[in-house]
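So the structure is just underneath, and the comments pick up after that.
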Amino acid sequence: MKNTTSLAAVAAALLLATAPALASAAETGPIHIDSFQITNQSLSEHNVVPVGATIAFTNTNDSPATDVVLALQSDGAVVDQVEETGSFAKGIAIKHYFGTDVTDQATKVAVVKATFADGSVWVNPDLAVEPVVPADLSASN
């Protein structure tokens, strides 16, 4: 006799584990973070790992953005940065996919800095430009 209840529960858990998880996105300045989605994959019934992320942003400034630096954050600390270069016109959503190397710890994304075609630069006053790296406690003198 098959236990359809547990098969259905396992199938539902696997579907939820492989669905994209929406992480928190911060909004500030002339670059609007539209979304930050982490995609997870189920390795087993109890083991889910991130396999990538998609960041979408829109320039709200009249001048095209030419360089956008994004901070990936976890628990308020910057764990990595991603730089997007190109010509990002006002009102056009830009989406970029990243592999697991930038999604292992990130739960939130924020704009660090944006440079525009007219030469103006916006710097987020609430973020450090360099990633905050935890001190290596094992390396003591």
Side-chain angles (χ1 to χ4, degrees), residues 2-141:
K2 291 183 181 177
N3 186 344
T4 56
T5 303
S6 21
L7 287 175
V10 169
L14 289 174
L15 283 174
L16 288 175
T18 58
L22 182 61
S24 176
E27 181 180 341
T28 190
I31 303 296
H32 177 265
I33 301 296
D34 301 323
S35 65
F36 175 47
Q37 277 191 313
I38 297 174
T39 304
N40 293 316
Q41 179 178 7
S42 176
L43 300 179
S44 69
E45 183 178 350
H46 301 288
N47 191 7
V48 177
V49 296
V51 293
T54 302
I55 297 173
F57 65 88
T58 303
N59 175 15
T60 61
N61 195 353
D62 288 333
S63 181
T66 57
D67 186 71
V68 177
V69 178
L70 303 167
L72 301 169
Q73 301 173 306
S74 177
D75 297 324
V78 176
V79 294
D80 204 349
Q81 288 187 21
V82 176
E83 185 171 7
E84 288 289 316
T85 57
S87 182
F88 312 119
K90 181 178 183 175
I92 305 297
I94 306 300
K95 290 184 182 181
H96 191 87
Y97 176 80
F98 301 93
T100 57
D101 57 325
V102 297
T103 61
D104 288 339
Q105 301 172 25
T107 57
K108 184 177 176 181
V109 65
V111 179
V112 174
K113 180 173 104 172
T115 305
F116 299 92
D118 66 4
S120 63
V121 176
W122 178 84
V123 177
N124 187 337
D126 299 327
L127 290 176
V129 175
E130 295 299 319
V132 176
V133 179
D136 184 5
L137 300 177
S138 64
S140 59
N141 294 336

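Counting begins at 1 with the first residue of the sequence.
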Going by side-chain contact (heavy atoms from CB on, under 4.5 Å), name the residues that satisfy it together with [X], two or more places apart in sequence or in a different chain.
| X | answer |
| --- | --- |
| A114 | I31, F116 |
| T115 | T66, D67, K113, V121 |
| A93 | D34, T58 |

Distance-minimising heavy-atom pair for [X] and [Y]:
| X | Y | answer |
| --- | --- | --- |
| A56 | K95 | CB-CG, 3.7 Å |
| F88 | V68 | CD1-CG2, 4.1 Å |
| V112 | A71 | CG2-CB, 3.4 Å |

Counting distance only, does the side-chain N/O of T54 pair as donor-acceptor with the main-chain N or O of Y97 below 3.5 Å?
no
Those residues that, when tested against [X], pass side chain to side chain donor-acceptor pair (under 3.5 Å) (two or more places apart):
| X | value |
| --- | --- |
| T85 | none |
| N47 | none |
| D62 | K90 |

F57 vs V109 side-chain heavy atoms within contact, under 4.5 Å
no
Student check: side-chain heavy atoms of N124 and V69 closer than 4.5 Å:
no
Can you tell me how far the NE2 atom of H96 sits from the CG atom of L70, to the nearest 0.5 Å?
10.0 Å
Could you state the interatomic distance from CG (L72) to NZ (K108), rounded to the nearest 0.5 Å?
12.0 Å
Side chains of N61 and S63: donor-acceptor distance under 3.5 Å anywhere?
no
